[in-house]
Amino acid sequence: LSTLSRWHWGVHERYPSRAAREAMADQLGAILGLTGLEAREPLEPRLPQRRVEVDLPWASTEDRERMLHARGKAFPDQLAGFEGDFSTAPDAVLTPSSEEELERSLAWASERKVAVVPFGGGTSVVGGVTCKGAHHEGVISLDLAGLSGVREVDPVSLSARIGAGTKGPELERALAREGLTLRHFPQSFEHSTLGGWIATRAGGHFATGPTHIDDLVESTRMITPTGTWASRRLPASGAGPSPDRLVLGSEGSLGVITEAWMRVRPRPRYRSKCSLRFARFSDGVQAVRGVVQSGLLPSNLRLLDGREARLHQVGFDGASVLLLGFESAHHPQQALLELALGIARERGGEADQAVHSDSGQRARDSKGDSWRQAFFDGPYLQSALLSLGAVVDTFETATTWDRFAALHEDVIASVRAALGRPCFVSCRFTHAYPDGPAPYYTFIAPGPHGAQLSRWMAAKEAASEALMRHGATITHHHAVGRMHEPWYRRQRPEPFARALAAMKRELDPAGILNPGVLLPEGQPGAGPRRPPGSPR
Ligand SMILES: Cc1cc2nc3c(=O)[nH]c(=O)nc-3n(C[C@H](O)[C@H](O)[C@H](O)COP(=O)(O)OP(=O)(O)OC[C@H]3O[C@@H](n4cnc5c(N)ncnc54)[C@H](O)[C@@H]3O)c2cc1C
């Protein structure tokens, strides 16, 4: 924990030095056409006075802890931290190490009308862990680190009971000792937690099939201010609305997830993969649709447009690149890869040499490896670019195939218009379904320093409005948080919004849990307000 940065992604040790960032400014000028980038250092932090005293033994009021829990890792979060603004630091950070301590924490906060922000790894990019509570007496961050670890493995049913505060690497290391894996690798894997993944319905490793963490959840356990919400371990059930489905995506606003039984699987042994080049992005789109509608379920089916390919160093000639891969613990995947390659070639794809492995080791292919490295280094690049005075962020959505082309054109044009010239906007598919893709966009433009936030807001607003115009979702896997709440409000059915608000009032009558997330912030005790302008 000691090396975690208070403002940028990840740990100090992996953040590029000033010289490396200056070199990056020159390179990006050449590759992306950006100019005027200049390296700066973060400003001294400023913290607010604490509003409440917390007399629980598992509370910390140290400045460093308060800064690390002030907010998540969205672009505006990092920018505020870079500029020394820690106005959202909580009054205290509570780290309970048992459910009993957690229950006592919630009871204390309910009685004192103090807002509680559940905190997993703090990697939210939608303002999900921003310590806000304007209508409350104070705000505490509730860190789940004390409730971590793989607690039980059922090798017969292939499931494991895992503490909510378990981070990706610890979780996979423990399962690997049993020859098992969860195979959920969001880009934030190193620093995010199981509880956070479930609370936000995170999207992970598989590009098709079980794409969201939802598909891997067998049962959940959540502590609410009015009781424990624990579901049965079942492979499937038709008994009414699923209790797990209401926990999934609840984003800390209904209760605190303490553990879950997760569906795990043997570690893959057979892997076959190949990358393809498409002169036109639209042909790559048709190839992905063809593969995913054929019934084949590749674990990797990531399409990168020409700019995205350049950014991830897998192609430099403007062509789109499709990364295609299959894996299994049980049987060779070569034949399945050949079938998918056949479909992609019919749509204009030119395939590289396929690679296969039957040893459990990753099959090496240069484009796939470059992509993987750039994928996990990407978050450091974003932080470094921010320090150079750039505006850089990503957003994502999902839509049906019949609406994709129009949506894509509008999104790219709207973001470019908001940012002006020069700017860089790229697209890749992170996940694909038989009825539509989940496109993911990256935008980069010069700030300059001082105008970064307003430029970011213009681009974010333009993108979100374009998504709404085309009936797409405001998020496929980044969640709602506080940032997407105004658009989520427009997307969900009104009776559902009222039912959600009623459920919150029932589970959290004092209105302490993550105010402003999923539902607009209301007065404590009054429950969330009806969204403005909504029909009665
Ligand atoms: C660089 C980067 C890459 C990312 N890549 C991906 C990606 O590939 N796929 C993806 O889906 N997301 C991604 N994200 C977003 C983020 O990592 C996910 O939303 C992740 O699931 C958050 O996990 P966390 O443990 O960090 O949760 P936090 O950020 O700590 O919390 C997220 C939300 O969940 C709530 N919460 C956390 N733990 C609990 C709990 N135990 N009980 C109840 N509520 C809880 C919080 O209150 C908050 O509302 C990325 C973010 C970054 C910064």
Side-chain angles (χ1 to χ4, degrees), residues 4 8-10 68-69 71-75 77-78 96 99 102 106 115-132 140-148 162-168 171 184-207 211-214 220-224 229 247-260 302 375-383 392-396 428 430-431 438 440 442 475-485 507-508 513-518:
L4 275 179
H8 66 68
W9 168 255
L68 285 176
H69 292 80
R71 48 170 84 85
K73 286 288 177 264
F75 179 81
D77 297 331
Q78 296 192 42
E99 285 193 356
L102 199 157
L106 294 184
V116 176
V117 179
F119 186 99
T123 65
S124 169
V125 281
V126 293
V129 291
T130 310
C131 284
K132 280 199 174 158
I140 56 162
S141 175
L142 188 70
D143 192 319
L144 275 296
L147 297 176
S148 67
I162 306 173
T166 318
K167 288 192 175 163
L171 185 156
H184 180 76
F185 302 117
Q187 192 182 24
S188 55
F189 171 79
E190 255 183 289
H191 298 289
S192 55
T193 63
L194 177 72
W197 300 340
I198 294 174
T200 59
R201 305 186 59 194
H205 168 77
F206 293 103
T211 57
H212 278 104
I213 195 75
D214 311 24
T220 48
R221 190 172 165 86
M222 179 168 84
I223 307 292
T224 79
W229 176 306
V247 171
L248 284 155
S250 57
E251 300 192 25
S253 67
L254 301 179
V256 183
I257 301 157
T258 55
E259 63 173 37
R302 278 160 176 116
F375 182 67
F376 285 115
D377 287 346
Y380 286 99
L381 177 66
Q382 185 198 23
S383 303
V392 48
D393 205 1
T394 63
F395 62 93
E396 37 77 67
R428 69 176 188 255
T430 57
H431 302 84
Y440 181 104
T442 300
T475 175
H476 168 266
H477 59 261
H478 279 170
V480 175
R482 292 173 178 82
M483 187 187 288
H484 287 155
E485 192 276 330
L507 298 174
D508 176 24
L513 283 170
N514 229 353
V517 163
L518 286 187

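Given the structure is predicted, the values throughout are model-derived calculations rather than measurements. Counting starts at 1 for both ligands and their atoms, following the listed order. Just so you know, residue 1 is the first one in the sequence shown, and it goes up from there.
Nearest protein heavy-atom contact of atom 7 (C) of ligand 1 is Pro186 CB, 3.4 Å. Nearest to atom 11 (O) of ligand 1 among the protein's heavy atoms is Gly203 N, 2.8 Å. Atom 31 (O) of ligand 1 has as its closest protein heavy atom Val129 CG1, 3.5 Å. Regarding atom 28 (P) of ligand 1, its nearest protein heavy-atom neighbour is Gly122 N, 3.6 Å. Shortest contact from atom 45 (C) of ligand 1 to any protein heavy atom: Ala199 CB, 3.5 Å. Looking from atom 29 (O) of ligand 1 to the surrounding protein, the closest heavy atom is Ser124 N, 2.8 Å. If you check which protein heavy atom lies closest to atom 21 (O) of ligand 1, you get Thr200 OG1, 2.8 Å. The nearest heavy-atom contact from the protein to atom 1 (C) of ligand 1 is Pro379 CG, 3.3 Å.
Of the candidates Gln187, His476, Gln78, it is Gln187 that places a heavy atom closest to atom 6 (C) of ligand 1. Among Ser250, Ser188, Gly481, the residue whose heavy atom lies closest to atom 17 (O) of ligand 1 is Ser188. Of the candidates Thr166, Val517, Ile257, it is Ile257 that places a heavy atom closest to atom 40 (C) of ligand 1.
For ligand 1, the polar-atom distance check against Asn514 finds a nitrogen or oxygen pair separated by under 3.5 Å. In terms of N/O distances under 3.5 Å, ligand 1 is approached by His477. Taking any N or O of Pro118, backbone or side chain, at least one lies under 3.5 Å from an N or O belonging to ligand 1. Every N/O-N/O distance between Val117 and ligand 1 stays at or above 3.5 Å. For Ser192, no nitrogen or oxygen atom sits less than 3.5 Å from a nitrogen or oxygen atom of ligand 1, counting backbone and side chain alike.
Each of the following atoms of ligand 1 lies closer than 4.0 Å to a heavy atom of Gly255: 43 (C). Against a heavy-atom cut-off of under 4.0 Å, Glu251 is close to the following atoms of ligand 1: 35 (C), 47 (O), 49 (O). The contact set between ligand 1 and Thr193, taken as ligand atoms under 4.0 Å from a residue heavy atom, comprises 24 (P), 25 (O).
Side-chain atoms of Glu259 never come within 3.5 Å of backbone atoms of Arg221 as a donor-acceptor pair (strictly under, hydrogens ignored).
Not a single heavy atom of Ala74 sits less than 4.0 Å from an atom of ligand 1.
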